[in-house]
Each structure stands twice: as structure tokens, then as C-alpha cells.
There are 2 protein chains.
Amino acid sequence: MRSSPSIKQVAAAAGVSVGTVSNVLNKPDVVAEATRLRVNAVIAQLGFVRNESARQLRAGSSRAVGLLVIDAANPFFADVARGVEDAVQQVGGVVLLGNSAGDGERERRYLELFEQQRVRGVLIAPTGDQNPPLESLTRLGIPVVFVDRYPEDLAYSSVSVDDVAGGRLAASHLVETGHRRIAFVGGPSSLRQVRDRKQGAEEVVGATQDGILLVISTPALTTAAGRMAADEIATLDDRQRPTAVFAANDLIAIGLLSGLAAHGLRVPEDVAIVGYDDIEFAEAAAVPLSSVRQPRIELGRCAAELLFTQIRALEAHRPVQLEQVRFDCNLVVRRSSAPTAGRAGAASPATRL
Amino acid sequence: MRSSPSIKQVAAAAGVSVGTVSNVLNKPDVVAEATRLRVNAVIAQLGFVRNESARQLRAGSSRAVGLLVIDAANPFFADVARGVEDAVQQVGGVVLLGNSAGDGERERRYLELFEQQRVRGVLIAPTGDQNPPLESLTRLGIPVVFVDRYPEDLAYSSVSVDDVAGGRLAASHLVETGHRRIAFVGGPSSLRQVRDRKQGAEEVVGATQDGILLVISTPALTTAAGRMAADEIATLDDRQRPTAVFAANDLIAIGLLSGLAAHGLRVPEDVAIVGYDDIEFAEAAAVPLSSVRQPRIELGRCAAELLFTQIRALEAHRPVQLEQVRFDCNLVVRRSSAPTAGRAGAASPATRL
DNA sequence: CCGTCCGAATGAAACGTGTCAACTTTTTCG
DNA sequence: CGAAAAAGTTGACACGTTTCATTCGGACGG
């Protein structure tokens, strides 16, 4: 057999009209029990599968929500996606997951796809510097919510974490434990997350008398990039080398960890490290990683909720209320940034483990 | 504005017929240049976005491929997904990613969704013991390829790795480095991957004179489950405790690692560990993890290719050739299973590091 | 000048579903 | 028992696109 029977064939086989079959499918309570059972039996027997395209064409709305992330392989976004999926499943929807891989072109292609599919709404972690092309979506009446990014023009709802504060948190910790030569490792700087975290660190380090912040740019937020950055750090002579690194991302941090180890540099004795995101693997890393924790799953779930309220408002023809939700982040200190004997922590009373 | 103009409105605005607009969209070369430019201008000006549902309804085929994995948060499957996505993108398709989370019910729901969407094909890493309900798909003429699972009835194409061999590889290594009390940690046993890996280990351990394989079942292949298994191992007294563990999965292995450390047990001195998958984080783990490496991305890419050949065959009304591709796996030895002084490795000449 | 052929454009017919006013049957109640 | 209300069912139309047989207007060859 090649294709599913249509509603019409089901109707014929069950001896009812197409309208009745449609009702069995969508409003089972308005059709008499006997009829409903008979139709359902025929449906099962014929192996009928409703054609979602036709449904959508007629009904004018899909059940899908588009989610576009920067890096689907990053456990941080995997967790965000899980939060989104949980929330969307609960209301009977489905998630179309796109991976822009930090590439504006791929981002654009996915958005176009979402438009053509007439998704109910879009959740996006934008990759580029300025907003991606979303006008077309809004013209179609498709609401958009930013994830992990605060839209400076406030034209969209958003769920985010204050990355500048996170950067400050990480840098303060390093400064307080006695570090003065600190490096920031991350990139590309087209990512706002990266810029904000760096800025936070700059503020803190700049406020010290003698602190200095080196910046090592990477092409992406991956372990491979972290390993390359480690090579760079290792080539510096002892006086130039930072005693601590703030990585824009746990993947970078983990790459640094193994890269530095390969060069015979110890963490935290020679170089302390603080990462960002507190992904599951941070705790289990070669040296348990200090990291700025974000509520990953909650971030996704909340973004989905925000999207739902917008969708409901649109459907009820009520005015759409934009909303900016900011979650708190907090620092989880582990061994990778533990104070060591050689470098007394100014603000930490206990200097040895 | 609320909804995109239809092809009809574009046609009216451009002073042509709908058929011509459709041609501009799909066969630009059959329409005169002047007309084409004019129509394209109108499309841009009106912000027309093609309705994919309508296209699909009429054309009868979608451009989507369904991918259903057991755990989207597992970096192994994230990499498989990347391989799939690469291949699908190349031919202008899109991927619908589903996460069964090891739950047969969710698996069923996603398959139903894929059917309703009339996806072009389905790639599935089945969760349950027997085959998931795929008859409906084949009835619809939607080809299915198994990923990371060999279908014993050979009713579907598949891309997999010989997990029994992988299990033997891991266990042999442990036996050769002198271990006799070995534990297998993993579950649920409804997963064939788990059963096969265990079987491979059993074969090897059973072939020794004095070897013994403990089995510790876990509810899932997650770090949390690994940590719980570590608790169990830690409560055993020294004589009962295995000197080595073969984890069904790197996530389990990483969980074990941190769990054992929390109980003061050293890896590999007290307990050696070998994992499975060789995910990116295995190398960077607290103790670099020995692991059975699978070609993750290649697995996904190959599965997609297999699916494409089936789709092409179906479209050309040629008979479909099923194909079973098996990739090799190999063992990557790192510190977590390095031989230690206390336990001379029978087959390894150097017993100390 | 006629017949042919060719590129270009047309317009109507599907595709499978949801909707809804209209119709029929059954139930209720005075 | 009959009228009115309720419950159940019908059938035609619309959604936006693709497809394809048809038409149109010229160019070309004889």
C-alpha cells in the first residue's frame, strides 16, 4: 500500500459523511457513541492517518513551535531545549528544533523554514550582533521570544540571565582569591553573551588597583577552541601568563583544562579557571570546574510560557504584553578556582585547603 | 498585518495568473525574464511567504525527515543528530528531532506525529525491547532506518555498531590488565545496547578461569544513575567490591567517577572504569575515561544516506534494497583503566606508570 | 500566405481537511 | 398526541498551492 486513505474513504466505509468523521476526530463528544465507535473501528481497520498539512491549511494554524539555538551540541542548550519541550508537550504541541551553529545564514534559513511552516511561535537564541530578520515573522502574526538574550530595543519578550552580572561574579571571585593577571577566553565577540560576560569581568578587574585583564578571542565556544586557547596561554612565559582564566563557557573551560594539562600546567595551582553555564560535566571535569550557574531548564520552560501567553493574547485579539524575565545566576565554586598556598586570597580567610 | 498574502493576491498585484506565480517560485526558467522580475518584485513588496502546508498538500510530499533518539541530552546522540542534520541539509531537507527519553509512549507519540506530518523518512534509535509500531509508517510508504540498533528481523535498513564486540573489547581490556571482579553498570535492560554490551562482557569474563561479573542495573543511562550506582558499590566491603567497572555509557561512567570520589574511592587504583561512546567529555573527565569509541557523527550521516537511497528507490518505483551497515568500534585507553602497581596486568608488560 | 512549431501564460481542477448552516431524527414535556 | 427543543448528521465550500491541458501570439519555413 502506498498512501493513507482519506477522510472521505473512511466516511464511505463507515457509512457516514466526511463531516461526521471530522467530528469524531476533533469533537468526539458531539457525535453519538455508536457512530463514534463505528468510525473509530473503521479508522483503525483502514489504518487512516490524518494529514496534518490539510488540517493546517484549512484550520490556518499549526501546532508547532520553532526553537532556534546557537549550538545544539552544547549541553547548556540541550537543557534549555528540554525545558521548552516539556512545556510545549504539556499543551499538546511539538517543537521544531533548529541549530544555527552560530551562522547567520543558517539562522536565516531556519527562520524562513519556520515561516513557511507557519509555526505558532518562535523561540530564538539569536546568534548575530543585531537582531535577526524577524520582521517577516511578526508580519505573519507569529510571536517571537528571545531566549538567553535581552533585546535592547525591547521589541520582543525575552528570558535571559544578566551576563554582565555573571561576568562580575566570576571575576570578583578570582580577584578576591588573589588573582591579578586574569584572562578572558571566549568568542566570537559577535555573540552578546560573550561580550556581556567580558564586560562584567572588565568592570571588576578595572576597579582594582593593579589588576589586568587579558583577552583571548576564540572562533567559537567549543572545547576545541578552549584547547587552542590553552596552547596560546602555555606559550606565554611565566611572568606574562595569567594566573586565572575566566572562560565564557564551560566547553571552553573544559578545553582549557585538558589543553593546559597537556602543557604540564596545573589547575588551579598554575592557572585557576572559572567557567560559565555549570553544565552537568563541569562538576565531573578533570578538575571540578567552578562555574556561573544558570537555571538552564527553567530558562527554556519560562520562554515557552511567555510564548504561550503571547499566542493566547493574539488569539483573543487582546493586546500583546511584552515581558522581560531575568533570572539570577550564581557562582558555584569548585576546585578549579580554589585558592592555593602560593597566592593568599585577600578576602578569603582560609588560604589553604 | 496578520497573515501573508496568498499567491492569488501576488498574481493580481503583478497582473499575471496564479500559475505563473507558482512557476516563478518553482520553475523560474520557464517564465520570461521580464515577468519573473516583476513577480519577484511584487513578492518582496507584499512580503509573500509560501504556505508550506498547501504546497505539501498538493505536492503530496514534505521535505522533512524525522529523527527519534533515546536521549537528546546525551552528547552521543547530539553528535549523531549533527551527522544527520549535515546530510539532510545538503539535500535541502529539514530534520524534525524527537526525544523519546527512553519512554515507549513518547516514542509512539512522536512516530504518530511524523506520520501526520507525512515526513519523507524516519531515522529511529528504538527504545524498547521489540520494534516500535512502525507498520503504519511503512503502510504510508515512509521508509525507516534504524540508528544504533541492528534489527534482528532485518525488516529495515540500519546503521549500527557491534555492541557485543564493544562489550568484549572493554571487558578484555579489563581482564588483561589483571581484573577479576568486574562490574557491569547500566540499564534499563530493555535497551538492546545495554544488553549487548553486557553480553560481550559476560562472554569474556565467563571465558576466564576465575573471573566474575557483577551486574548493577540502573534505571537510565545518565550521570545521576551512575552516581547512584557508585553509592551501591561503595557500600560493598573491600573483598566484595569489584576492582573494575564497565559502564554501559559514558554518562554512567562519569557519574560513577564523581560518585566514587565522593566516597573516597580512587580511580583507577581502587576501581578502574571503562565507559562507552567516547563522548567529548570522556577525555576531559576528572580521571580521563577509557571508553569504547563509536563513530558518532558518521553514524548519523550514514543513516541519512541510507534513508536517501531508499527514498530515491521508492520514488523511481524501483525495489527497495535494505542494507545493514556496521561500523567498527575501538577502545580508547586512558587513565581510568590504567594498570596500577597493586594489580599486575597479565598481558601488559609495564605494570607501573 | 498558410501551416507549424515554439515559448509563454492561463485557468480550472485537484489535494484532504475543518466549518457551519441546514436538515433529519430523537427526546422532552405540556 | 403533538409541538418544540435537543441531538445527531449531512454536504458543500474554502483553505493556498501545484499541475497540466489549453490558449495565445509570434517566428519560421515552405
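We name chains A, B, ... by the order of the sequence lines, and we start the count at 1 in each one.
At whole-Å resolution of the value, CD1 in B:I43 and C1' in D:dT17 are 13 Å apart. When rounded to the nearest whole Å, the span between CD of A:E33 and C1' of D:dA7 equals 15 Å.
The minimum heavy-atom distance between B:A304 and B:V88, with the atom names listed, is CB-CG2, 4.5 Å.
Checking A:T127 against A:E107 by side-chain atom types alone, no donor-acceptor pair falls below 3.5 Å.
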Close N or O pairs between protein and nucleotides 16-18 of chain C (under 3.5 Å):
{"residue": "C:dT17", "atom": "OP1", "partner": "A:N51", "partner atom": "N", "Å": "3.2"}
{"residue": "C:dT17", "atom": "OP2", "partner": "A:I7", "partner atom": "N", "Å": "2.4"}
{"residue": "C:dG18", "atom": "OP1", "partner": "A:N26", "partner atom": "OD1", "Å": "3.3"}
{"residue": "C:dG18", "atom": "OP1", "partner": "A:N26", "partner atom": "ND2", "Å": "3.1"}
{"residue": "C:dG18", "atom": "OP1", "partner": "A:R50", "partner atom": "NH2", "Å": "3.3"}
{"residue": "C:dG18", "atom": "OP2", "partner": "A:S22", "partner atom": "OG", "Å": "3.0"}
{"residue": "C:dG18", "atom": "OP2", "partner": "A:N26", "partner atom": "ND2", "Å": "3.1"}
{"residue": "C:dG18", "atom": "N2", "partner": "A:R58", "partner atom": "NH1", "Å": "2.6"}
{"residue": "C:dG18", "atom": "N3", "partner": "A:R58", "partner atom": "NH1", "Å": "3.4"}

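From one end of the helix from C:dC1-D:dG30 to C:dG30-D:dC1 to the other, with five pairs defining each end axis, the axis direction shifts by 40° (rounded to 10°).
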Pair A:R108-A:E112, salt bridge (Lys or Arg N to Asp or Glu O under 4.0 Å): steps then yes or no: CA-CA 6 Å; A:R108 210 188 48 70; A:E112 198 178 313; 3.2 Å; yes

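At least one donor-acceptor pair under 3.5 Å links the side chain of B:R55 to the backbone N or O of B:S61. Distance alone, capped at 3.5 Å, is enough to place a donor-acceptor pair between the A:S62 side chain and the A:R118 backbone.
No contact: A:S53 has no heavy atom under 4.0 Å from any strand.
Dashed line: the shortest gap from a side-chain N or O of A:S17 to OP1 or OP2 of D:dT10 is under 4.0 Å. Note on A:T35: every side-chain N or O is 4.0 Å or more away from OP1 and OP2 of D:dG8.
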